[in-house]
Amino acid sequence: MNGKDVKKLVVACDAGMGSSVMLASQLRRELKKHSVEVEHTPVNSIPADADVVVCHAGLGARAKAGAPDKPIVTFQVFIGDPAVTRLVKAIKDGSEISA
């Protein structure tokens with residue numbers, strides 16, 4: 001998927017109250033100028049209209065089961081993870097998203 005086609009990014013989490021909320025907030029700020037909606041949701045409730053899903057590596061299989069046709073970008077560290085940095089760059093410059 002090309003980054004310029006992302007209109008809705010979902011940060012999926014397990015419990016929904018911690019670091020993933022901060023990540024969603026950070027991504028909202030970073031992607032505001034690119035008209036990307038960033039939503040925070042439990043991993044078992046990924047909306048059908050999500051274009052790409054971001055989640056911790058430990059939740060990757062559950063995210064894929066809930067959104068099998070969507071790119072799933074997994075990360076290890078909530079803030080500053082290289083996978084998330086690559087995703088933001090792909091959205092900003094219109095390059096391909098690598099999961």
Quick check on the hydrophobic clustering: are Phe75 and Leu27 connected, directly or via other members, by side-chain heavy-atom contacts under 4.5 Å?
yes

Kindly work out whether a path of hydrophobic side-chain contacts (I/L/V/M/F/W/Y, heavy atoms less than 4.5 Å apart) joins Phe78 to Val52.
yes

Apply side chain to side chain contact (heavy atoms under 4.5 Å, CB included) to residues Ile46 and Lys70 and explain how you reach the verdict.
CA-CA 10 Å; Ile46 297 169; Lys70 309 295 180 187; 5.7 Å; no

4.5 Å side-chain heavy-atom contact, Thr74 and Cys55:
yes

For Gln76, which residues count as a side chain to side chain donor-acceptor pair (under 3.5 Å) partner, sequence neighbours excluded?
none

Connected via hydrophobic side-chain network under 4.5 Å: Val10 and Ile91:
no

Within the 4.5 Å heavy-atom criterion, are Asp5 and Asp51 side-chain neighbours or not?
no

Nearest heavy-atom pair of His34 and Lys92: which atoms, and what distance?
NE2-CG, 3.3 Å

Quick one: closest heavy-atom pair of Thr41 and Ser45, and the distance?
OG1-O, 3.1 Å

Take Val6 and Leu31 through the side chain to side chain contact (heavy atoms under 4.5 Å, CB included) test and state the conclusion after the steps.
CA-CA 10 Å; Val6 175; Leu31 299 172; over 6 Å; no

Is any side-chain heavy atom of Asp14 less than 4.5 Å from a side-chain heavy atom of Arg62?
yes

Working note: Leu9 + Leu87, criterion side chain to side chain contact (heavy atoms under 4.5 Å, CB included); need CA distance, chi angles, decisive distance, verdict.
CA-CA 10 Å; Leu9 181 150; Leu87 173 62; 3.6 Å; yes

Val73 and Val77: same hydrophobic cluster, using ILVMFWY side-chain contacts below 4.5 Å?
no

Which atom names give the shortest non-hydrogen contact between Val53 and Ala12, and what distance separates them?
CG1-CB, 4.0 Å

Considering all heavy atoms, the nearest Ala67-Ile72 contact
O-CD1, 4.1 Å

With a sphere of 6.0 Å drawn around NZ of Lys8, does it hold more than 12 non-hydrogen atoms of other residues, nucleotides or ligands?
yes

Are a donor atom and an acceptor atom from the side chains of Ser20 and His56 found within less than 3.5 Å of each other?
no

Group every Ile, Leu, Val, Met, Phe, Trp and Tyr by side-chain heavy-atom contacts under 4.5 Å, then state whether Met22 and Val43 land in the same group.
no

Give a yes or no on whether a salt bridge exists between Lys7 and Asp49, defined as a side-chain N under 4.0 angstrom from a carboxylate O.
no

Nearest heavy-atom approach of Arg28 to Glu39 is NH2-CA, 4.4 Å

Carefully, step by step, assess Val54 and Val38 under the rule side chain to side chain contact (heavy atoms under 4.5 Å, CB included).
CA-CA 10 Å; Val54 176; Val38 177; over 6 Å; no

